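Take a look at the structure below.
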There are 2 protein chains.
Amino acid sequence: MFGEHRHKEETGIERLPKRQRQQRLVELIDENPFVTDRELTRRLKVSIQTIRLDRMELGIPELRERMKLMAERSYDQVRSLAAEEVIGDIIDLQLDRSGISIFEIREEHVFSRTQIARGHHIFAQANSLAVAVINDEIALTASADLRFVRPIHLGEKCIAKAYVRSSPGKAGRAKVEVLSYVGEEMVFQGNFIIYRSDDKKPADYGLAPPERQEQAANEEDTRT
Amino acid sequence: MFGEHRHKEETGIERLPKRQRQQRLVELIDENPFVTDRELTRRLKVSIQTIRLDRMELGIPELRERMKLMAERSYDQVRSLAAEEVIGDIIDLQLDRSGISIFEIREEHVFSRTQIARGHHIFAQANSLAVAVINDEIALTASADLRFVRPIHLGEKCIAKAYVRSSPGKAGRAKVEVLSYVGEEMVFQGNFIIYRSDDKKPADYGLAPPERQEQAANEEDTRT
DNA sequence: CGACTTTTAGAACCTGGTACTAACCGCTAG
DNA sequence: CTAGCGGTTAGTACCAGGTTCTAAAAGTCG
């Protein structure tokens, strides 16, 4: 029972027990999703039927299906890029009062050298939330004041909490404070001034002097 | 000769002349890249051979090849998403002095309702440039002060100009001012404080108190 | 009419599989 | 010893969605 494993061990990369082989299979496939069963037989030194049985058991679709899924995913990603209205998942929202969003730092958000999140992603989460929390037709960031308290690393979950500081529905501007945490630790702080439409026109937005506003309005016309 | 076109016209969507059919084919395929030849025969009312000859002539690969290409594209997009080190195209860069980048506002950058660019994209361009202009191993945004002077609209080209304000290579922090323009008009202004590695350690970064730093350092260890 | 382009048809073949049947190997329990 | 079982392998039929090639029919023009 003990002592002797199965098969010979000396030759090194010989056939693995089922469990390990299947794990290796998963690794190989998501390392290179474009691998065919035939190639896998060479890698794992088992028959093509075994490969296929393994895929069945593991619920891994065939190559073509995998490619189709990837293609579809990337296709409606492009289609719905505009649908990504918000960076981070908003998990709580009390309009004109407060909001919470959660954002996981993934590969694409970090500097590859240091694995530290780029500032603009952290800002994007906070900014999205600050805009979302404002209960208005149009809400635009007018200005902001940011402190990146400590670097945020790959894999960390960043939880942003926004609080509307100014009396709601009043002026054309709202103050929103956003604090972002990883666990207990505050990692980012931002004070936003958000322009809100209210009843006023968007032309009231911004800090530009009057003649600029007209220019802007003109440009808007020529562009639409 | 004249008057009579080819075939009967009365029935409406009848077979088109070759040229137009091929154009329609292109439209149909890039409207829905997942369409099979068989489906196309139904759409265009020609035989499957004609469809295939058309694809040949137009250099359009078969369905499976199309899906594969899409999958591959999306795959190495994911792989090289880290390569998108910078938002906007940097067209001029004098390290530790100044830099210019250009960024065109596209569909995916605007609020669909208003066609106005989301603040964080404008920030991302400025932030990327501010970081890029710093001639250091590691450069991280420590804090920033932003003014969104006027809304930026779909299709506008935003040109960001960064100027390093602090004496270069000196302290652990650099001041960078970024001004963004559409044409002559200033649309955004940001003052960044960028943490730079210099000879110091990244642990020196941030405004967190000492015990926080250890925590951060620990986390870094557990994560690598 | 004959020459030419365009369209259609059909058969053979390809890849990368699925689905199913059958056999074999090594081990163990009765 | 033998039957049973998990795991593996082999082989065949079949499929989608094509390619490649040959050949013929249909429409077009001078």
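Values in this document were obtained by computation on a predicted structure and should not be read as measured data. Reminder, nothing fancy here: chain letters follow the sequence lines and each chain counts from 1.
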May I ask you to say what Arg19(A) touches in the nucleic acid, namely base, sugar-phosphate or nothing, with a heavy-atom cut-off under 4.0 Å?
nothing

Taking CG from Leu44(B) and C1' from dT8(C), how many angstroms apart are they, rounded to a whole number?
15 Å

Parallel, tilted or perpendicular, as decided by the 30° and 60° cut-offs, for the rings of His121(B) and His109(B):
perpendicular

Between CD on residue Glu184(B) and CD1 on residue Ile159(B), distance to nearest 0.5 Å
9.5 Å

May I have the distance from Arg38(B) (atom CZ) to dA9(C) (atom C1'), rounded to whole angstrom?
13 Å

Provide, to the nearest angstrom, the distance between the CG atom belonging to Asp37(B) and the P atom belonging to dG18(D).
4 Å

Leu179(B) and Met186(B): which non-hydrogen atoms are nearest, and at how many Å?
CD2-SD, 3.8 Å

So, for Ser128(A) and Ile87(A), which heavy atoms are closest and what is the spacing to 0.1 Å?
OG-N, 3.1 Å

Determine to 10° how strongly the helix from dC1(C)-dG30(D) to dG30(C)-dC1(D) is bent, judged from the axes of its five-pair ends.
20°

Spacing of OH belonging to Tyr195(A) relative to CG belonging to Asp136(A), to within rounding of 0.5 Å
8.5 Å

For Ala144(A) and Leu146(A), which heavy atoms make the closest approach, and how far apart are they?
CB-CD2, 3.9 Å

Side-chain atoms of residues 59-68 of chain A: list all donor-acceptor pairs with protein atoms under 3.5 Å, sequence neighbours left out, distances to 0.1 Å.
residue: Arg66(A); atom: NE; partner: Pro33(A); partner atom: O; Å: 3.0
residue: Arg66(A); atom: NH1; partner: Pro61(A); partner atom: O; Å: 2.9
residue: Arg66(A); atom: NH2; partner: Pro33(A); partner atom: O; Å: 3.1
residue: Arg66(A); atom: NH2; partner: Val35(A); partner atom: O; Å: 2.6

Among residues 63-71 of chain B, which residues get a heavy atom nearer than 4.0 Å to DNA chain C?
Arg64(B)

Between Lys18(B) (NZ) and dT28(D) (P), how many Å, whole number?
14 Å

What is the distance, rounded to the nearest whole Å, between atom CD1 of Ile29(A) and atom P of dG16(C)?
14 Å

Which residue pairs pass the ring-ring contact (aromatic ring centres under 6.0 Å, His included) test with at least one member in residues 50-74 of chain A, sequence neighbours excluded?
none

Separation of atom NZ in Lys45(B) from atom P in dA26(D), rounded to whole Å:
21 Å

Could you pull out the closest heavy-atom pair between Ala126(B) and Val178(B), with the gap in Å?
CB-CG1, 3.6 Å

Nearest-angstrom distance from the residue atom CG of Leu25(B) to P of dT7(C):
12 Å

Mind listing the residues from residues 48-59 of chain A sitting with a heavy atom below 4.0 Å of DNA chain C? Number order is fine.
Arg52(A), Arg55(A), Met56(A)

Which pair of heavy atoms, one from Gly119(A) and one from Phe148(A), lies closest together, and at what distance?
O-CE2, 3.4 Å

Set of residues satisfying ring pair (Phe, Tyr, Trp, His ring centres under 6.0 Å) with respect to Phe34(A), sequence neighbours excluded
Tyr75(B)

In whole angstroms, the gap separating P of dC14(C) from CD of Glu62(B) amounts to 15 Å

